[in-house]
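Read through the structure below, which is laid out as structure tokens, and then see the notes.
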Amino acid sequence: MKNMLLRFTLNGKPMEGTTQPNKRMLDVLRGDLSLTGTKEGCAVGECGACTVILNGEPVASCLVAAGQMQGAEVLTIEGMSETLIGSVLQDCFVEGDAVQCGFCTPGFIMTAYALLLKNPHPTREEIREAVAGNICRCTGYIPIVNAIEQAGIRILEE
Ligand code: FES
Ligand code: FES
């Protein structure tokens with residue numbers, strides 16, 4: 001397949017480079033751009049560890065092709081921490097013991113970021129639904145739901 005010139009916005013900055021259109025977005029981010037905060041777990045769209053925000057929606061970057069990034073706004077865990085929602089989420093995850101091994105954490109935080117962007121004060125049920133595609137082997141999920149709920153409350157108070 002022919003290479004393409006890819007132009008997109010990454011964490012608020014314009015990016016341009018040559019790539020294969022069928023290369024996985026996860027490989028563009030982790031391999032080409034050294035943004036290793038985005039994790040690879042299952043590689044088949046089932047664990048949520050590779051979640052990033054593409055045009056405002058959380059996506060599994062292991063299932064997105066580089067060609068689909070053309071002209072898009074992409075936010076990764078590295079850029080998210082510079083936003084208000086992102087920094088509050090990170091604080092609430094740490095304070096609420098929602099991080100153990102940490103492998104799943106970037107994916108959960110990106111999914112939670114997308115939720116809070118649209119729905120700043122979600123119910124616990126809405127939080128559970130939003131993170132249903134993210135897998136955590138360590139925490140039992142309750143601290144994660146608590147942390148996202150707490151972040152929503154704190155953001156409303158800011
Ligand atoms: S690595 Fe993409 S969903 Fe698991
Ligand atoms: S904290 Fe270890 S997988 Fe979630």
Side-chain angles (χ1 to χ4, degrees), residues 1 4 6 8-11 15 17 19-70 72-81 83 85-119 122-154:
M1 192 175 283
M4 65 180 284
L6 178 63
F8 65 107
T9 304
L10 176 63
N11 297 332
M15 303 292 292
T19 190
Q20 288 272 315
N22 60 350
K23 188 171 194 168
R24 298 184 313 166
M25 181 185 193
L26 181 60
D27 296 325
V28 172
L29 295 173
R30 285 182 58 86
D32 299 344
L33 299 169
S34 302
L35 293 176
T36 53
T38 303
K39 303 301 181 202
E40 176 163 13
C42 66
V44 291
E46 286 179 359
C47 75
C50 66
T51 304
V52 300
I53 310 293
L54 178 69
N55 292 329
E57 298 293 335
V59 295
S61 60
C62 66
L63 297 184
V64 175
Q68 295 170 264
M69 299 165 69
Q70 189 67 280
E73 298 261 352
V74 176
L75 186 70
T76 68
I77 190 75
E78 289 84 358
M80 185 278 326
S81 53
T83 66
I85 296 177
S87 67
V88 171
L89 271 169
Q90 284 184 323
D91 289 347
C92 290
F93 267 66
V94 172
E95 290 164 21
D97 288 330
V99 182
Q100 287 187 26
C101 81
F103 190 81
C104 69
T105 308
F108 270 99
I109 289 188
M110 296 313 290
T111 302
Y113 175 91
L115 171 67
L116 294 181
L117 211 52
K118 289 190 181 150
N119 178 4
T123 63
R124 292 180 71 81
E125 197 45 46
E126 287 169 332
I127 295 170
R128 277 196 209 95
E129 265 172 40
V131 300
N134 291 76
I135 292 174
C136 176
R137 294 181 188 277
C138 305
T139 63
Y141 297 99
I142 290 172
I144 292 177
V145 174
N146 291 346
I148 298 170
E149 185 180 40
Q150 185 58 36
I153 293 166
R154 230 183 259 186

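We count residues from 1, following the sequence as given. For ligands, and for the atoms within them, numbers begin at 1 and follow the listed sequence.
Counting the atoms of ligand 2 from 1 in the order shown, those under 4.0 Å from a heavy atom of Gly102 are 1 (S), 2 (Fe). Of all atoms in ligand 1, listed by their number and element, those nearer than 4.0 Å to a heavy atom of Glu46 are 3 (S). Using a 4.0 Å cut-off to heavy atoms of Gly48, the atoms of ligand 1 that qualify are 3 (S), 4 (Fe). In the vicinity of Gly45, heavy-atom distances shorter than 4.0 Å reach the ligand 1 atoms 3 (S).
Within 6.0 Å of the CZ atom in Arg124, the count of heavy atoms belonging to other residues, nucleotides or ligands exceeds 12. The local environment of CD1 in Ile153 is crowded, with over 12 non-hydrogen atoms from other residues, nucleotides or ligands closer than 6.0 Å.
Salt bridge Arg154/Glu95: present, at least one basic N to carboxylate O contact under 4.0 Å. Note on Glu40 versus Arg24: salt bridge recorded, some NZ/NE/NH1/NH2 to OD/OE distance being below 4.0 Å.
Angle SG (Cys136) to atom 4 (Fe) of ligand 2 to SG (Cys104): 100°, rounded to 10°. When SG of Cys42 and SG of Cys47 are joined through atom 4 (Fe) of ligand 1, the resulting angle is 110° to the nearest 10°. Between the SG atom of Cys101 and the SG atom of Cys138, the angle centred on atom 2 (Fe) of ligand 2 amounts to 100° when rounded to 10°.
When each of Val88, Ile148, Ile85 is tested with Tyr113 by the rule side-chain contact (heavy atoms from CB on, under 4.5 Å), just one qualifies, namely Ile85.
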Dump the intermediate steps for side chain to side chain contact (heavy atoms under 4.5 Å, CB included) on Cys136 and Ile144, then the final yes or no.
-> CA-CA 9 Å; Cys136 176; Ile144 292 177; 4.1 Å; yes
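Note that the CZ atom of Arg30 and the OG1 atom of Thr76 stand 11.5 Å from one another [nearest 0.5 Å].
By the criterion of a heavy-atom distance under 4.0 Å, the backbone of Ala43, and not its side chain, is placed next to ligand 1.
When the heavy atoms of Arg137, Gln100, Lys39 are ranked by distance to atom 1 (S) of ligand 2, first place goes to Gln100.
Cys62 lies apart from atom 4 (Fe) of ligand 1 in this respect, since none of its N, O or S atoms is found at a distance under 2.8 Å. Atom 4 (Fe) of ligand 1 has no N, O or S atom of Cys50 closer than 2.8 Å.
Side-chain N/O atoms of Asn11 and Glu78 include no donor and acceptor closer than 3.5 Å.
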